[in-house]
Amino acid sequence: MFRFAALRTALLGAGAALAACSGEPQETGADEAAPLASSQASDTVPRETYVAAQEAAASLNSLGEDFVKLALAVGEHDPAFVDAYHGPEEWAEAAKAEQRSLEELEADAQGLLISVRRANSGKDGVRGEMLEKQIRAALTRIQMAQGKTFPFDEETRLLYDAVAPQYDLAEFDAALEEIDALLPGDAALPERVEAFRNSLAVPEDKLQAVFDAAIAECRKRTLAHYDLPPSESFRLEFVKDKPWSGYNWYQGDYESLIQVNTDFPIIIDRAVDLGCHEGYPGHHTWNVFIERDLLEGAGWVEYSVYPLFSPMSVTAEGSANYGIELAFPGREKIAFERDVLFPIAGLDPAQAATLEKLNDLRRKLSHARNHVAREYLDGRISRDEAVDMLVKYGLQSRDRAEQGVRFIETYRGYVLNYNLGRDLVDAYVARQASLNGGDRWAAFETLLTTPLSASDIAAGGASE
């Protein structure tokens with residue numbers, strides 16, 4: 001319903017001139033620039049400005065293609081690097097066939113970074129700025145694959161354009177005291193919390209029905225605000241032996257594969273969380289917008305690939321977590337769980353109130369994982385100490401904490417995208433909604449369809 005509103009605001013520099021001349025947020029190749037300049041240039045935009053805009057767009061199109069090919073080549077060395085790709089198959093096949101060395105890829109990335117900086121020189125546009133940050137992240141990941149190490153904060157700055165704050169453990173300890181009062185008992189607090197939450201686990205034979213109902217509600221609430229393509233769809237699978245609890249594998253053509261890990265009991269509140277986060281209005285919705293509006297609508301070829309270790313992930317994870325409370329504001333989530341999901345799962349709805357209070361308090365601990373990851377990856381605590389800290393501040397069993405450390409070992413500083421990213425998105429949406437009459441869904445779509453990094457989001461989308 002706001003399909004191209006955000007995209008139009010994002011077309012600055014070359015894009016703004018194109019929109020002014022043609023009335024559409026479309027870009028054309030270099031071979032089309034001359035005839036379009038003569039046939040479409042308007043009285044309000046000088047011919048030389050239009051031609052310059054076309055040349056700039058053609059330059060970014062070429063550099064965007066080079067970036068996609070670089071990302072695919074990096075993915076041959078770093079299997080987790082390419083999270084999704086829906087561009088020309090021959091580019092992926094070429095990356096597999098060529099198997100360029102990391103040294104060659106580092107040189108390619110450095111050259112591409114210089115070229116994009118030159119293309120961006122003297123210009124103000126979100127496309128070029130984000131492309132530069134994407135290439136910088138790819139270069140960093142290439143260097144890490146060669147054995148180069150960075151302190152945690154520098155690594156996250158280079159990859160995600162974000163640095164987590166320093167934390168006072170006393171604030172986390174204060175939250176633990178509140179939870180201790182909510183769930184009194186003789187056992188250790190993590191054991192009490194784990195026992196309570198496990199009492200609300202969805203029986204295995206009810207998982208499909210619970211998730212079907214949860215995702216259907218998430219989708220219904222999202223479609224009330226957004227006009228998604230009629231062909232968009234997803235498949236749901238339950239899997240085991242993964243370092244994550246849920247994952248969206250975007251397939252392209254508006255389709256996703258959503259996987260839910262059943263290594264541990266699935267607590268009833270995870271159904272809506274994962275339904276929103278992985279689906280609507282989270283990862284699936286974001287990927288659909290990216291493919292429809294940026295790749296197909298604007299012709300920005302660099303969005304045919306999603307590098308996981310990149311500035312895009314702040315928006316990806318932050319928006320997916322924020323999307324839960326956007327779709328279910330206030331007490332609507334717990335009301336839906338109590339009235340719909342608890343009965344489907346055969347659970348006692350009377351426990352919903354305690355679960356809601358517990359989850360409100362646990363949110364105060366959400367940044368603890370950033371602290372543990374930084375201390376562990378920077379070598380200030382051992383692996384066992386990291387597990388102990390996740391048991392204490394994650395209020396979970398040792399087995400779950402072990403899974404959490406495996407996630408940190410696999411994805412490293414990526415952990416900050418969930419909590420710091422969510423906080424950045426929350427503040428951004430609040431600021432934008434204050435300017436548009438309070439429409440948080442419209443503000444959220446602006447974020448999803450505008451290529452902003454963490455520093456841009458923190459500035460309120462100043463580059464828009």
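Bear in mind that the values here come from a model prediction, so they are computed numbers and not experimental data.
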Checklist line | Pairs touching residues 342-357 that satisfy salt bridge (charged side-chain N to carboxylate O under 4.0 Å, His left out), sequence neighbours left out | finding: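 Counting only pairs at least two positions apart or across chains, the salt bridge (charged side-chain N to carboxylate O under 4.0 Å, His left out) contacts touching residues 342-357 are R331-E356.
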Notebook entry, point to check: Does anything in residues 254-273 pair up under salt bridge (charged side-chain N to carboxylate O under 4.0 Å, His left out), and if so which pairs, sequence neighbours excluded?
Noted result: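 Pairs touching residues 254-273 that pass the test: R197-D269, R235-E255, R270-D273, D273-K333.
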Give a yes or no on whether [X] atom [atom1] has more than 12 heavy-atom contacts from other residues, nucleotides or ligands under 6.0 Å away.
X: D168; atom1: CG; answer: yes
X: E154; atom1: CD; answer: yes
X: R406; atom1: CZ; answer: yes

Next item on the list: Determine, stepwise, if the pair L63 / L112 fulfils side-chain contact (heavy atoms from CB on, under 4.5 Å).
Entry: CA-CA 7 Å; L63 294 169; L112 188 55; 3.6 Å; yes
Using a 4.5 Å cut-off on heavy atoms from C-beta on, say whether the side chain of [Y] contacts that of [X].
X: V314; Y: S453; answer: no
X: Y280; Y: K220; answer: no
X: F238; Y: N261; answer: no
X: Y254; Y: S233; answer: no
X: P265; Y: R400; answer: yes
X: F342; Y: I268; answer: yes
X: T222; Y: W441; answer: yes
X: Y85; Y: S304; answer: yes

How many angstroms lie between [atom1] in [X] and [atom2] in [Y], if you round to the nearest 0.5 Å?
X: W249; Y: L257; atom1: CH2; atom2: CG; answer: 8.5 Å
X: H225; Y: D439; atom1: NE2; atom2: CG; answer: 8.0 Å
X: R136; Y: D161; atom1: CZ; atom2: CG; answer: 5.5 Å
X: D78; Y: R141; atom1: CG; atom2: CZ; answer: 4.5 Å
X: E278; Y: T285; atom1: CD; atom2: OG1; answer: 11.5 Å
X: I408; Y: E375; atom1: CD1; atom2: CD; answer: 11.0 Å

Is there a donor in the side chain of [X] and an acceptor in the side chain of [Y], or the other way round, less than 3.5 Å apart?
X: Q432; Y: N436; value: no
X: Y160; Y: E155; value: no
X: N248; Y: H277; value: no

Before accepting this row, confirm whether a basic side-chain N of the pair [X]/[Y] lies closer than 4.0 Å to the acidic partner's carboxylate O.
X: R292; Y: D253; answer: no
X: R219; Y: E232; answer: yes
X: D456; Y: K133; answer: yes

Margin query: One pair to check against side-chain contact (heavy atoms from CB on, under 4.5 Å): I290 and Y250. What are the steps and the verdict?
Written below: CA-CA 11 Å; I290 291 293; Y250 191 64; over 6 Å; no
Notebook entry, point to check: Given the rule in the salt bridge (Lys or Arg N to Asp or Glu O under 4.0 Å) test, do E171 and K364 qualify, once you have shown the distances and angles that lead to the verdict?
Noted result: CA-CA 8 Å; E171 295 182 8; K364 298 181 180 182; over 6 Å; no
Identify the two heavy atoms, one from [X] and one from [Y], that lie closest to each other, and give their separation to 0.1 Å.
X: V415; Y: A373; value: CG2-CB, 3.8 Å
X: V425; Y: S319; value: CG2-N, 3.7 Å
X: L169; Y: Y393; value: CB-OH, 4.0 Å
X: F81; Y: A71; value: CD2-O, 3.7 Å
X: L347; Y: L200; value: CD1-O, 3.4 Å
X: T315; Y: W286; value: CG2-NE1, 3.8 Å

Checklist line | Geometric cation-pi criterion, R369 with F407: 6.0 Å, 45° | finding: yes
Margin query: Tell me whether the NZ or CZ atom of R412 lies within the 45° cone about the ring axis of F152 and under 6.0 Å from its centre.
Written below: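 That pair does not qualify as a cation-pi contact.
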Checklist line | Test side-chain contact (heavy atoms from CB on, under 4.5 Å) applied to S313 and Y414, Y411, Y418, the passing residue | finding: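 By the side-chain contact (heavy atoms from CB on, under 4.5 Å) criterion, S313 pairs with just one of Y414, Y411, Y418: Y414.
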Next item on the list: Using side-chain contact (heavy atoms from CB on, under 4.5 Å) as the criterion, point out the one residue from N370, N321, L365, L424 that pairs with N419.
Entry: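 Checked N370, N321, L365, L424 against N419; only one passes side-chain contact (heavy atoms from CB on, under 4.5 Å): N370.
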Next item on the list: Begin with the C-alpha distance, continue with both residues' side-chain angles, and end with the deciding distance and a verdict on side-chain contact (heavy atoms from CB on, under 4.5 Å) for F196 and L358.
Entry: CA-CA 10 Å; F196 173 75; L358 174 61; 3.8 Å; yes
Next item on the list: Let me see the working for H283 and E317 under side chain to side chain donor-acceptor pair (under 3.5 Å), right down to the final yes or no.
Entry: CA-CA 8 Å; H283 290 325; E317 301 298 353; 3.1 Å; yes
Next item on the list: In sequence, state the C-alpha distance, the side-chain angles, and the governing distance for D426 and R422, and then conclude on salt bridge (Lys or Arg N to Asp or Glu O under 4.0 Å).
Entry: CA-CA 6 Å; D426 184 18; R422 181 254 163 229; 3.3 Å; yes
Check: Does the salt bridge (Lys or Arg N to Asp or Glu O under 4.0 Å) test come out yes or no for K69 and E65, once each step is laid out?
Finding: CA-CA 6 Å; K69 293 176 178 178; E65 179 177 326; 2.8 Å; yes
Checklist line | For R127, the option from N120, T450, N61 that meets side chain to side chain donor-acceptor pair (under 3.5 Å) | finding: N61
Next item on the list: Show your reasoning for whether side-chain contact (heavy atoms from CB on, under 4.5 Å) applies to F234 and I215.
Entry: CA-CA 10 Å; F234 69 90; I215 296 176; 3.3 Å; yes
Check: Is T156 reaching over with its side chain to a backbone N or O of D153, donor-acceptor style, under 3.5 angstrom?
Finding: yes
Check: Would you find a donor on one side and an acceptor on the other, under 3.5 Å apart, between the side chain of S121 and the backbone of R117?
Finding: no
For the residue pair [X] and [Y], does the interplanar ring angle fall in the parallel (under 30°), tilted (30 to 60°) or perpendicular (over 60°) class?
X: W244; Y: Y247; result: tilted
X: Y167; Y: F172; result: tilted
X: F289; Y: Y226; result: perpendicular

Notebook entry, point to check: Hey, mind stepping through D293 and T449 against side chain to side chain donor-acceptor pair (under 3.5 Å) and telling me if it holds?
Noted result: CA-CA 7 Å; D293 294 357; T449 55; 5.0 Å; no
Item checked: Verdict with supporting geometry, E217 and R221, salt bridge (Lys or Arg N to Asp or Glu O under 4.0 Å) -> CA-CA 6 Å; E217 183 68 16; R221 290 170 178 246; 2.8 Å; yes
